[in-house]
Amino acid sequence: MMINKTAYVMIRAAVNKGIVDIKENPERGIRNLVDLGVQFAKGRFQQDFFDMAQNELLNTDSAYYRLIADVIGNTDTALLTNIGMNVGYISWNAGANMIRKIEKSEKFNIPWTIVFDLAKWQQFDINIPGKIISESKELGIFCHIFFINRYFSPVDMDQLLNLIAKEKCVTFFLMLDPAQVNEKLIRTIHKSKNIFTAVDCDQDVASFNQAIALLKKNNCFFGSLSHQLDPEDEDAILAASCQAEASGIPFLFMAQNTNPVFDSAHGNEAVYHIRKNMRHAVLPIDLYDDIIRLDRIISSEPCIVHANEDGTITALRHDNSHQKSEQSILSSPLKEMFRSLLAKQKG
C-alpha cells in the first residue's frame with residue numbers, strides 16, 4: 001500500500017487532537033474538525049462529505065452536532081481515531097486511488113468492500129476470509145463486512161477475531177447477533193482498534209439491550225442492525241431512529257434491501273431525505289444502497305461482492321446482473337477472480 005506516511009502522521013495527530021477538543025467543547029471542536037477535514041480532503045467522496053458537513057453545521061440546532069458529540073464523547077479515543085484513519089484515509093483515499101489506478105490499467109472492476117454473510121455458510125474455513133483479506137489489500141480494499149448469527153461457533157469466532165486482530169490497517173464491520181457480543185469480543189475491539197459493531201435489533205429485546213449495554217460500558221464504536229426495517233419507509237425509519245436515540249445508539253443499519261437500485265442519483269430517497277433533514281442524533285444507513293453509493297464515487301461501474309463458503313465470489317453488477325465466479329480463492333488469486341468476473345463493460 002502506497003501512502004504518504006508524513007501526511008498520515010500529521011492528519012492522525014490532528015484528528016486525535018480534534019477529538020480531544022470536541023470532548024472539551026463539542027460545538028467549537030466539531031466545527032474545527034470538519035474544517036480540518038475540508039483542508040485535508042483529497043478524494044471526491046471526502047470533499048463531498050466535508051462540504052455537506054460544513055453546510056449542515058451552519059445550523060447550530062442540527063442533530064449532527066448531537067450525533068458527533070455523542071459518538072466522540074462515548075467512544076474510546078484511540079479506537080475512534082484508528083477507525084477514522086483506516087476508513088477515511090487508508091480505505092477511501094489511498095485505497096480508492098489504488099482501485100482507480102488498477103481499474104484504469106487492467107480494465108476490470110474492484111469493490112471498495114467485500115461482504116461475508118457467514119449466517120449463510122454451512123461450514124467455516126478461516127483460510128477463505130484470510131486469503132481474501134490478505135490479497136484484497138493489494139487491490140485497494142481495506143474494509144470488510146461480516147454477518148454473524150448466534151450459531152457461529154465460539155471456536156470459529158476465536159479464529160476470526162484472531163485474524164482481525166492481525167489486520168491493523170483494515171476496518172471490519174461486524175453485524176452480530178446479540179449472543180456474539182461478549183468479553184472476548186470487547187478485548188479484541190480494544191486490542192485491534194479496527195472493529196465497528198452493529199447488533200441485530202430484530203432478535204430478543206433483552207439480549208439486544210444487554211449486548212448494547214456491554215458495548216456502551218466499554219466505550220466501543222457501535223450501532224444497531226435491522227433486517228426487517230423497510231429502508232424506503234420514512235416514517236418507520238424515523239420511529240426507529242427516535243427509539244435508537246433514546247437508547248443512546250448513534251447508527252441504524254438496515255440490511256433488508258439486498259438488491260439496491262444502481263441508477264439513482266443519491267440512492268435510497270427516504271434515507272437521503274432523513275439525512276438532509278436530521279431530527280434525531282442517529283444516522284440511518286441503508287447498507288447495500290450505501291455500499292453502491294460509495295462505490296459509484298470510486299468506480300465507473302459499481303458493484304457489490306459477496307464471498308461464499310466454497311471460496312468463490314458472487315457479484316451484483318451495475319446492470320443488476322448476478323454473477324458467480326468459477327474460480328475459488330483456495331486455488332486462484334483474487335485479482336484473477338475479479339478480472340474474470342468483473343471485466344469492465346464500458347472499456
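Because the structure is predicted, anything quoted here is derived from the model rather than measured. One is the number of the first residue; the rest follow in order along the sequence.
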So does [Y] get a backbone contact from the side chain of [X], meaning a donor-acceptor N/O pair under 3.5 Å?
| X | Y | answer |
| --- | --- | --- |
| Trp92 | Leu294 | no |
| Asp156 | Phe152 | no |
| Glu167 | Phe172 | no |

Set of residues satisfying side chain to side chain contact (heavy atoms under 4.5 Å, CB included) with respect to Ser192, sequence neighbours excluded: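 Result, side chain to side chain contact (heavy atoms under 4.5 Å, CB included) vs Ser192: Ile164, Ala165, Lys168, Thr188, Asn194, Ile195.
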Could you tell me which residues satisfy side chain to side chain contact (heavy atoms under 4.5 Å, CB included) with Asn218, sequence neighbours excluded, listed by chain and number?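 If we apply the side chain to side chain contact (heavy atoms under 4.5 Å, CB included) test to Asn218, skipping adjacent residues, the hits are Ile186, His190, Leu214, Cys220.
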Does the pair [X]/[Y] count as a salt bridge with the N-to-O cut at 4.0 Å?
| X | Y | result |
| --- | --- | --- |
| Lys335 | Glu135 | no |
| Glu103 | Lys344 | yes |
| Lys120 | Glu309 | no |
| Arg275 | Asp290 | yes |

Should Met278 and Pro284 count as side-chain neighbours, where that means a heavy-atom distance under 4.5 Å?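 With C-beta onward as the side chain, the pair touches.
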Does the side chain of Phe338 reach to within under 4.5 Å of the side chain of Glu106, using non-hydrogen atoms?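 The answer is no, as the side chains (C-beta and beyond) never meet within the 4.5 Å cut-off.
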If the condition is salt bridge (charged side-chain N to carboxylate O under 4.0 Å, His left out), which residues does Lys17 pass it with, not counting sequence neighbours?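 Partners of Lys17 by the salt bridge (charged side-chain N to carboxylate O under 4.0 Å, His left out) criterion, ordered by chain and then number, come out as Asp21.
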Near-ring test Phe173/Phe147, centroid separation under 6.0 angstrom: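 Not under 6.0 Å, so no.
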